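Beneath this line is the structure, given in structure tokens, with notes to follow.
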2 protein chains.
Amino acid sequence: MGNQQFKTAVELTLKVIGGKWKPVILCHLTDGAKRFSQLRRDMPGITQKMLTQQLRELEEDGIIHRKVYSQVPPKVEYSFTEYGLTVRQLLDEMADWGTQHQQHLNQVE
Amino acid sequence: MGNQQFKTAVELTLKVIGGKWKPVILCHLTDGAKRFSQLRRDMPGITQKMLTQQLRELEEDGIIHRKVYSQVPPKVEYSFTEYGLTVRQLLDEMADWGTQHQQHLNQVE
DNA sequence: CAGCATCCTACTAGATACTG
DNA sequence: CAGTATCTAGTAGGATGCTG
């Protein structure tokens, strides 16, 4: 415990699915494949730059797949890769803890 | 899925145990209670300001307990609260995923 | 020893304009 | 539609000095 391996493993996980936007993006992709424009509509707070940036990182980490339809106007769809599905379990557990914590906070008040 | 409740729950979780330092601090506290100075030694990269700040936030969120010994020189020990132990499970799972992901990355190379 | 206060920097994120 | 490029603003985090 308290060892280097454990610590860096957690840090790696947070690097891949942590941060301000990635969890939110991944949540919206649990519905299935979505277009870039649809994701923008789903997340009014995010800028197009941030959305692009975060999607690219998730793609590079092998979590999501970017499917480009060669047509005009352009159409790009994002979806979980098979490998990416392994983080959904983790996201669920993080959501569970968050929900319980919210109730915990309500009790304290 | 993709709903507001799920999304905010994950965000709440990351607010409590996410970020650059909190996971690391919590890892080091899995050994048991530790003094402030011990934690500093365990984490050469962290500044005293950051350590104090993050410990305070973890304390406010009920994850850790701050025990002050009224003596000179001062002695302060930090440890998991009973409630805080619920995040250890989650940290373990995050570490598991991170470890698997590391192996996944090695295979790709 | 365990901090607080202050100042400062570097990076993250947002705004805006433009393009295949 | 789905981006890229550039510039700016905000904030997380760091350095330093002081104190009960």
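The shown structure was predicted, so the numbers you read here are calculated from the model rather than taken from an experiment. Just so you know, these numbers use all the heavy atoms, side chains as well, and skip hydrogens, waters and symmetry mates. Chain letters run A, B, ... following the sequence lines, proteins first, then strands; residues in each count from 1.
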Next on the checklist: With a cut-off of less than 4.0 Å, is there a side-chain N or O of B:Arg35 near OP1 or OP2 of C:dA2?
Outcome noted: yes
Checklist outcome for this item: When rounded to whole Å, the OH to C1' distance for the pair A:Tyr78 and D:dC1 reads 11 Å
Checklist entry - CG of B:Leu51 versus P of C:dC1: gap in Å, rounded? => result 14 Å
Checklist entry - To the nearest Å, how far apart are A:Arg56 CZ and D:dA5 P? => result 11 Å
Checklist entry - What is the distance, rounded to the nearest whole Å, between atom CH2 of B:Trp21 and atom P of D:dT11? => result 22 Å
Next on the checklist: Heavy atoms from C-beta onward define the side chain here; which of C:dC4, C:dA15, D:dA2 lies closest to that of B:Thr52?
Outcome noted: C:dC4
Item to check | Pairwise 5' ranking along DNA chain C for A:Pro74 and A:Gln53, keeping only the more 5' one | outcome: A:Gln53
Item to check | From CA spacing to verdict: side chain to side chain donor-acceptor pair (under 3.5 Å), B:Gln38, B:Arg41 | outcome: CA-CA 5 Å; B:Gln38 183 60 50; B:Arg41 258 171 276 133; 2.9 Å; yes
Next on the checklist: Please tell me if A:Arg41 has a side-chain N or O lying less than 4.0 Å from either OP1 or OP2 of D:dA2.
Outcome noted: no
Checklist entry - Looking only at side-chain N and O atoms, does B:Lys75 come under 4.0 Å of OP1 or OP2 in C:dG3? => result no
Checklist entry - Applying the side-chain hydrogen bond (donor to acceptor under 3.5 Å, both in side chains) test to B:Tyr69, which of B:Glu77, B:Arg35, B:Lys75 qualifies? => result B:Glu77
Next on the checklist: Using whole Å, what does the distance between atom P of nucleotide D:dA2 and atom CG of A:Leu39 come to?
Outcome noted: 9 Å
Checklist entry - Taking the side chain of B:Met50 as its heavy atoms from C-beta onward, which of D:dG14, C:dC1, C:dG20 lies nearest to it? => result D:dG14
Checklist outcome for this item: When B:Val76 and A:Gln54 are each assigned the nearest nucleotide of DNA chain C, the 5'-most assignment goes to B:Val76
Checklist entry - Between B:Asp96 and A:Thr13, does a side chain to side chain contact (heavy atoms under 4.5 Å, CB included) hold up when you go through it step by step? => result CA-CA 9 Å; B:Asp96 286 345; A:Thr13 299; over 6 Å; no
Next on the checklist: Suppose we call a contact any N or O donor and acceptor under 3.5 Å apart; does that hold for the side chain of A:Gln48 and the base of D:dT4?
Outcome noted: yes
Item to check | Shortest side-chain distance from B:Lys20, nucleotide among D:dA2, D:dG14, C:dG14 | outcome: D:dG14
Checklist outcome for this item: Here the distance between atom C1' of C:dA2 and atom NZ of B:Lys67, to the nearest Å, is 17 Å
Checklist entry - Looking at the side chain of B:Phe36, which of D:dG14, C:dA2, C:dA15 is the nearest nucleotide? => result C:dA2
Item to check | Aromatic contact, A:Tyr83 with B:His104 (centres under 6.0 Å) | outcome: yes
Next on the checklist: Between C1' on C:dA15 and NZ on A:Lys49, what's the gap in Å once rounded to a whole number?
Outcome noted: 9 Å
Checklist entry - In whole Å, what is the span from the OH atom of A:Tyr69 to the P atom of C:dG20? => result 25 Å
Checklist entry - Is the centre of the B:His28 ring less than 6.0 Å from the centre of the B:Tyr78 ring? => result no
Checklist entry - Across the strands shown, which category fits A:Pro73 at heavy-atom distances under 4.0 angstrom: base, sugar-phosphate, nothing? => result sugar-phosphate
